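Here is the structure we will look at, set down as structure tokens.
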Amino acid sequence: MNETATQTQRKLNIWNNSVPVEKSAYIQEKGLQFFNIEKLVAPKGKLTMIDLFSGAGGFSVGCSWAGFFPVLGIDYLKPAVETWKKNHPTSISCLGDIRQANPISIRDVLRKKGVERINLITGGVPCQGFSIANRKHNDNDERNFLFIEYMKFVEIFNPDYVILENVSSLRSTAGGQFEKDIKKYMESLDYSVTIKTVNAAEYGVPQQRQRVLFIGVKKDNHLTVPFVFPEGNFRLPSDYRTVEMAISDLPELENDEAKTEYSSSPKTEFQRLMRGEINCIPISRPMKLFNHVSPNHPQETIDRIANTRQGMPMYPNFKQRIRLSLNVPSPTQLAGGIRPQFQFGHPTQSRGLTIRERARIQSFPDSYEFIGGIVQERVLTGNAVPPLLIFEIVKYIANDILRRDREVKNV
């Protein structure tokens with residue numbers, strides 16, 4: 001096949017869902033690597049959690065704010081594990097395909113380190129097979145069945161609570177069969193299951209991001225059954241945090257420029273929160289400004305962004321790639337495939353977003369450092385569950401477990 005024919009075939013395969021998806025070169029497909037086993041110390045007086053399909057660590061961050069200590073994070077994408085390990089240096093991290101993991105062996109390792117009980121297991125199960133943003137959507141995508149691996153850990157560790165997160169379109173995939181199967185599987189392990197589609201913007205995240213959450217509560221364990229989702233404090237669109245509220249304090253950048261220090265004070269409550277200046281959530285103040293590096297655009301791209309009005313598409317054939325508006329939340333940030341281009345233009349500067357700006361829009365604090373280079377860090381920030389969304393929900397779970405433990409202790 002000549003070069004022209006090869007290129008034509010590649011174009012034909014781009015959206016053909018019968019052709020297997022291209023896999024990232026950063027995926028660890030064979031073998032498991034564990035890190036920092038020797039550094040894990042069983043946390044006294046802390047609730048414990050395991051973060052499966054951890055990605056960059058959105059669940060771990062939000063749950064940590066609520067009082068949980070992540071003893072283990074597992075993912076098969078190397079930049080994700082490097083990022084998780086960097087930000088959770090006294091926890092065990094694991095790089096590899098969860099299908100090769102043995103939950104019983106992992107339980108034994110944790111017990112040797114003094115971790116006798118796991119209170120919570122979370123999982124942002126890979127969502128590409130369910131996502132309507134994936135134009136190669138296929139109900140039989142192998143990634144759609146990874147929730148079974150998640151359930152194997154639930155069966156062995158028997159935690160008080162389980163949380164599984166995915167894109168909202170999972171609920172309609174295969175005529176709703178996946179939602180039914182996940183619920184049925186959780187119930188077979190003796191969990192009461194509540195399912196809800198939530199919008200991160202209603203919980204203070206400056207982004208319109210719809211996600212479905214499955215929350216299971218262990219039955220007959222003195223816990224509150226069923227779990228009732230708390231309403232967000234930002235229920236009306238007029239209450240939503242905006243892009244301006246999220247990123248307007250970050251230093252201005254020219255093309256292909258980096259800055260590691262703030263040039264102004266925070267201007268909004270959200271900015272103070274992300275800088276660790278509000279004590280309602282335990283966030284460390286950053287030693288420096290991480291990941292604030294602008295993309296290296298060709299002049300054509302710079303001009304295209306400059307000539308695009310806020311809220312409008314930058315490319316006629318890609319309506320979802322817009323220049324952000326200051327006065328509304330960001331649309332859903334996407335991972336963008338294995339070699340993503342910039343998704344959104346900055347609302348006032350002629351460039352795409354930095355990773356720090358993407359992280360702010362996802363509600364990761366400024367102290368959280370992403371590892372892997374701008375392309376892979378786009379994947380990490382696009383795939384992540386927003387920590388602030390998780391905190392606003394999981395704090396009720398933490399309170400329920402602590403209430404139960406106090407009552408059992410006093411009996």
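Only a predicted model underlies this, so the values are computations on that prediction, with no experimental measurement involved.
Residues I74 and I106 are in side-chain contact: their nearest non-hydrogen atoms beyond the backbone lie under 4.5 Å apart. Side-chain contact between F68 and I401 is present, with heavy atoms from C-beta onward closer than 4.5 Å. For the pair H297 and R351, the minimum side-chain heavy-atom distance is below 4.5 Å. No side-chain heavy atom of P331 sits under 4.5 Å from any side-chain heavy atom of Q207. Two residues are said to be in side-chain contact when any heavy atoms from C-beta on lie closer than 4.5 Å; D181 and F147 meet this criterion. The side-chain heavy atoms of V379 and P79, taken from C-beta on, include no pair separated by under 4.5 Å. Taking 4.5 Å as the limit, some side-chain heavy atom of H292 sits within range of a side-chain heavy atom of P251. Using a 4.5 Å heavy-atom cutoff, the side chains of Y185 and V193 are not in contact.
Here F344 and F342 keep their ring centres 6.0 angstrom or further from each other. In this structure, F370 has its ring center closer than 6.0 angstrom to the ring center of F364.
Panel note: side chain Q349, backbone L253; a donor-acceptor pair is recorded below 3.5 Å. A donor-acceptor pair is defined here as one N or O able to donate and one able to accept, closer than 3.5 Å; no such pair exists between the side chain of N383 and the backbone of A335. With hydrogens and angles ignored, the 3.5 Å screen pairs a side-chain donor or acceptor of S294 with a backbone N or O of E257. Judged purely by atom type and a 3.5 angstrom limit, E357 has no side-chain atom pairing as donor or acceptor with the backbone of L353. Distance alone, capped at 3.5 Å, places no donor-acceptor pair between the D400 side chain and the Y396 backbone. Looking only at distances, a side-chain donor or acceptor of K259 sits under 3.5 Å from a matching main-chain atom of E252. A donor-acceptor distance shorter than 3.5 angstrom exists from the side chain of N199 to the backbone of R209, with no hydrogens or angles considered. Remark: the backbone N or O of V125 is paired with a side-chain donor or acceptor of N166 at under 3.5 angstrom. Remark: side-chain polar atoms of R241 are not paired, donor with acceptor, to backbone N or O of V205 under 3.5 angstrom. With hydrogens and angles disregarded, no donor-acceptor distance shorter than 3.5 Å links the side chain of E392 to the backbone of Y203.
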Exercise. Show your reasoning for whether side chain to side chain contact (heavy atoms under 4.5 Å, CB included) applies to R304 and Y315.
Key: CA-CA 8 Å; R304 181 182 292 274; Y315 296 86; 3.3 Å; yes
Exercise. Walk me through it: do D366 and R285 pass the test salt bridge (charged side-chain N to carboxylate O under 4.0 Å, His left out)?
Key: CA-CA 8 Å; D366 290 0; R285 295 199 181 192; over 6 Å; no
Quiz item: When you look at F35 and Q33, which way does the side chain to side chain contact (heavy atoms under 4.5 Å, CB included) test go after all the steps?
Solution: CA-CA 7 Å; F35 305 94; Q33 290 181 269; 3.8 Å; yes
Quiz item: For T90 and V41, what are the C-alpha separation, side-chain angles and deciding distance, and is it a side chain to side chain contact (heavy atoms under 4.5 Å, CB included)?
Solution: CA-CA 7 Å; T90 59; V41 177; over 6 Å; no
Quiz item: Between R235 and E202, does a salt bridge (charged side-chain N to carboxylate O under 4.0 Å, His left out) hold up when you go through it step by step?
Solution: CA-CA 5 Å; R235 297 176 65 182; E202 295 183 5; 5.8 Å; no
Quiz prompt | I92 vs L110, side chain to side chain contact (heavy atoms under 4.5 Å, CB included): CA-CA, chis, key distance, verdict | solution = CA-CA 9 Å; I92 300 174; L110 292 176; 4.0 Å; yes
Practice problem: Check the pair S248, Q271 against side-chain hydrogen bond (donor to acceptor under 3.5 Å, both in side chains), reporting the backbone distance first and the verdict last. | Solution: CA-CA 9 Å; S248 61; Q271 293 168 8; 2.9 Å; yes
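Among residues two or more places apart in sequence or in another chain, the side-chain hydrogen bond (donor to acceptor under 3.5 Å, both in side chains) test is passed with E187 by K183. Evaluation of the side chain to side chain contact (heavy atoms under 4.5 Å, CB included) rule for P365 yields V61, W65, I283, S367, Y368 as partners, not counting sequence neighbours. Considering only residues two or more places apart in sequence or on other chains, I374 meets the side chain to side chain contact (heavy atoms under 4.5 Å, CB included) condition with P295, I355, R378.
Nearest heavy atom pair, residue V217 against residue T224, reads CG1-O, 3.7 Å. Residue P159 comes nearest to L120 through the heavy atom pair CB-N, 3.9 Å, listed as atom of the first residue, atom of the second, then distance. The shortest non-hydrogen separation linking S363 to L388 is OG-N, 3.0 Å. In terms of heavy-atom proximity, T48 sits nearest to I118 at OG1-CA, 3.2 Å. Shortest non-hydrogen contact noted between V243 and P347 is CG1-CG, 4.1 Å. Of all heavy-atom pairs spanning C63 and T122, the tightest one is SG-CG2, 4.2 Å.
Each of R403, K218, R404 was evaluated against D160; a single residue qualifies, R404, per the salt bridge (charged side-chain N to carboxylate O under 4.0 Å, His left out) test. A side-chain hydrogen bond (donor to acceptor under 3.5 Å, both in side chains) with W84 is found for one member of S60, S93, S91 and no other, namely S60. Checking each of L170, T194, I163 against F214 for a side-chain contact (heavy atoms from CB on, under 4.5 Å) leaves exactly one that passes, namely L170.
The CD1 atom of I393 sits 6.5 Å away from the CZ atom of F227 when rounded to the nearest 0.5 Å. Here CD of Q310 is found 9.5 Å from NE2 of H346. Values are rounded to the nearest 0.5 Å. Atom CE of M245 sits about 11.0 Å away from atom CZ of F270, to the nearest 0.5 Å. A distance of 13.5 Å separates CD1 in I182 from NZ in K184, rounded to the nearest 0.5 Å. In this structure, CZ on F290 lies 8.5 Å from CZ on R356, to the nearest 0.5 angstrom. Rounding to the nearest 0.5 angstrom, the gap separating the OG atom in S64 from the CG atom in L47 is 11.0 Å.
Using a cutoff of 4.0 Å between basic side-chain nitrogens and carboxylate oxygens, K267 and E244 are not scored as salt-bridged. For R99 and E149, the salt-bridge test fails: no basic side-chain N is under 4.0 Å from an acidic carboxylate O.
Between the side chains of N327 and T242, not a single donor N or O lies within less than 3.5 Å of an accepting N or O. When only modelled atom types and interatomic distance are considered, S264 and D249 share no side-chain donor-acceptor pair under 3.5 Å. A donor-acceptor pair shorter than 3.5 Å can be found between the side chains of T197 and R171. Side-chain contact annotation: N87 with E369, donor-acceptor N/O pair under 3.5 Å absent. K85 and N36 share no donor-acceptor pair across their side chains, judged by distance under 3.5 Å alone. Between the side chains of R358 and T381, at least one donor N or O sits under 3.5 Å from an acceptor N or O.
More than 12 non-hydrogen atoms from other residues, nucleotides or ligands lie less than 6.0 angstrom from CD of E38.
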